[in-house]
2 protein chains.
Amino acid sequence: MSPTAQDRRRPMLHETRCESCSLSSLCLPLSLETADLERFDSIIRRHPPIKKGTRLVEQGDRFTSVFAVRSGSLKQITTEGSGEAQLTNFFLPSELVGLDGIDDGRYPGSVVALETTTVCEIPFDRLDALTQTLPELRAQLFRTLSKELREDRRMMQLLSRKTADQRLACFFLGLSDRFRRRGYSPFSFRLSMSRADIGNHLGLAVETVSRILGRFQQQDLVAVSGREVNILDLTALSTLADTEVT
Amino acid sequence: MSPTAQDRRRPMLHETRCESCSLSSLCLPLSLETADLERFDSIIRRHPPIKKGTRLVEQGDRFTSVFAVRSGSLKQITTEGSGEAQLTNFFLPSELVGLDGIDDGRYPGSVVALETTTVCEIPFDRLDALTQTLPELRAQLFRTLSKELREDRRMMQLLSRKTADQRLACFFLGLSDRFRRRGYSPFSFRLSMSRADIGNHLGLAVETVSRILGRFQQQDLVAVSGREVNILDLTALSTLADTEVT
DNA sequence: CGTACGTTTGATTGGAGTCAAGTAAAGTGG
DNA sequence: CCACTTTACTTGACTCCAATCAAACGTACG
């Protein structure tokens, strides 16, 4: 979808320029000069909001673009062989979706909106072309990829060495941190994902997630009401999260 | 995995040019013209062989270079917080070590030789600079990063959804495939890592690895003698590896 | 207002971890 | 080259965390 008259008319116009986007310091164009930012801005395709449950990309679709999340949240689900679906990632505003599709030209998982979500589509060939003349942009892209690698490795550590309680603790700490970085309260937030999603992501059964949430509440670590979360004791959660298992 | 007779006989100098490297079709300079290959070649630093147990990089060291494995093998170990060490990766010839250090300028894990190993050091700033004028090289680097992401996600699926038996089966299939791609037998190879390493990587106790190996032998799936492996029934292993768990 | 879906809680089970002990293999130094 | 030490691997017995099965309860939404 290219910028159209419809786009222009909308008061959204301000919103949809990188220059004025509140996420610009977190998103890709981090360290670009105004002129460069314009060039970056010009390759981006705005999208109308995606409704909850709608798929942004389908597993196996041809890879063409990466997407920057502007608002809302998404989950990535990969189904392999006859194996059950695996929820590999949650995406929050400013995060980049689809980088794992570069290699073989197909998206390796479906990406589904967890709530009404808006994204910026960035055609990868044009992004790649821009990195040729904008070293800072290139560096930022490498960093983003590299960071995702590092986070994946943390996830592996979580899945292979941590108990169910520690996994949940890590999950809350991770979310808390991501919200804080985005300027939201690190203590009080709303989960956009179901217990089943959390369980799938952490390698736990739904029932286990529910039980441990209950236990955390009894211990006054968090207060959970439906999908509303209040972190009461961040320190205790942190301790729990990376205490050696013996 | 062992050095061929040809390797030994040849003077080092010849060996160490990308142009004549037997891995050139798998390593980075995949699709470079001769002239470009020379430019790539010129930034590479050769290293004397690394002995078994020696660390190529130490966790926390300043990130400066990535390393292409020429021969031998390595493991990457990350120690987080007070948590136990996690073996996140094994590296075989033609694979690239260190890409996860780009983001925060530090290597996120130590990389240790599992046997006598030779690597090519590629200073990242120079590699990055080269990608400015060599779009194919840039594309290849993006692909490599992206592929690693995809493999990490597979690993997560393995760690969170597969049984111990399936993990071992996947591990053997993965190795088999990697050897085949490198021109070695996919059925008969030598493990350069210990049972403990395998267990750590797959999120299993050493004892479990040992027991399942025994079971696999009874079922005539593989013949294992020490670190020597013969895959007897690849099909059965494949079936086992991605059969839904019920 | 009812149906479907998401969540909680309880009872039971099993897969893999832990502990323990023994065997094989690989270094090490005389 | 052989005794000795150390490390790697195997095997068995027992335990426990989290999965599974089952059922009730809440909540969202057409």
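We name chains A, B, ... by the order of the sequence lines, and we start the count at 1 in each one.
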Sugar-phosphate only, base, or nothing, as touched by K52(B) at under 4.0 Å among non-hydrogen atoms: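 Sugar-phosphate contact only - K52(B) comes under 4.0 Å of backbone atoms but never of a base.
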
Sugar-phosphate, base or nothing in reach of G199(B), heavy atoms under 4.0 Å: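 Nothing, no heavy atom under 4.0 Å.
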
Passing option when L74(A) is tested against L114(A), V69(A), V57(A) for side chain to side chain contact (heavy atoms under 4.5 Å, CB included):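 By the side chain to side chain contact (heavy atoms under 4.5 Å, CB included) criterion, L74(A) pairs with just one of L114(A), V69(A), V57(A): V69(A).
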
Exam field: side chain S176(A) to backbone F187(A), donor-acceptor pair closer than 3.5 Å: no

Whole angstrom value for the distance that separates [atom2] of [N] from [atom1] of [X]:
X       : N       : atom1 : atom2 : answer
L191(B) : dA25(C) : CG    : P     : 15 Å
D165(A) : dA18(D) : CG    : P     : 6 Å
R190(A) : dG6(C)  : CZ    : P     : 14 Å
K162(A) : dA18(D) : NZ    : C1'   : 17 Å
R215(A) : dA18(D) : CZ    : P     : 8 Å
L159(B) : dG15(C) : CG    : C1'   : 16 Å
L168(B) : dG15(C) : CG    : C1'   : 14 Å
R161(B) : dT20(D) : CZ    : C1'   : 14 Å

Gap separating the CG atom of L96(A) from the OG1 atom of T144(A), nearest 0.5 angstrom: 6.0 Å

Of R154(B), R161(B), R153(B), the residue whose pairing with E80(A) passes side-chain hydrogen bond (donor to acceptor under 3.5 Å, both in side chains):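 Exactly one candidate clears the test, R154(B).
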
Trace of the side-chain hydrogen bond (donor to acceptor under 3.5 Å, both in side chains) decision for E95(A) with N89(A): CA-CA 11 Å; E95(A) 294 175 340; N89(A) 242 329; over 6 Å; no

Annotated protein contacts, base or backbone, on nucleotides 5-13 of chain D with a non-hydrogen cut-off under 4.0 Å, one of B, S, - each: ---SSBBBB

F172(A) and F189(A) aromatic ring geometry - parallel, tilted or perpendicular at 30°/60° bounds: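 Plane angle between 30° and 60°, so tilted.
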
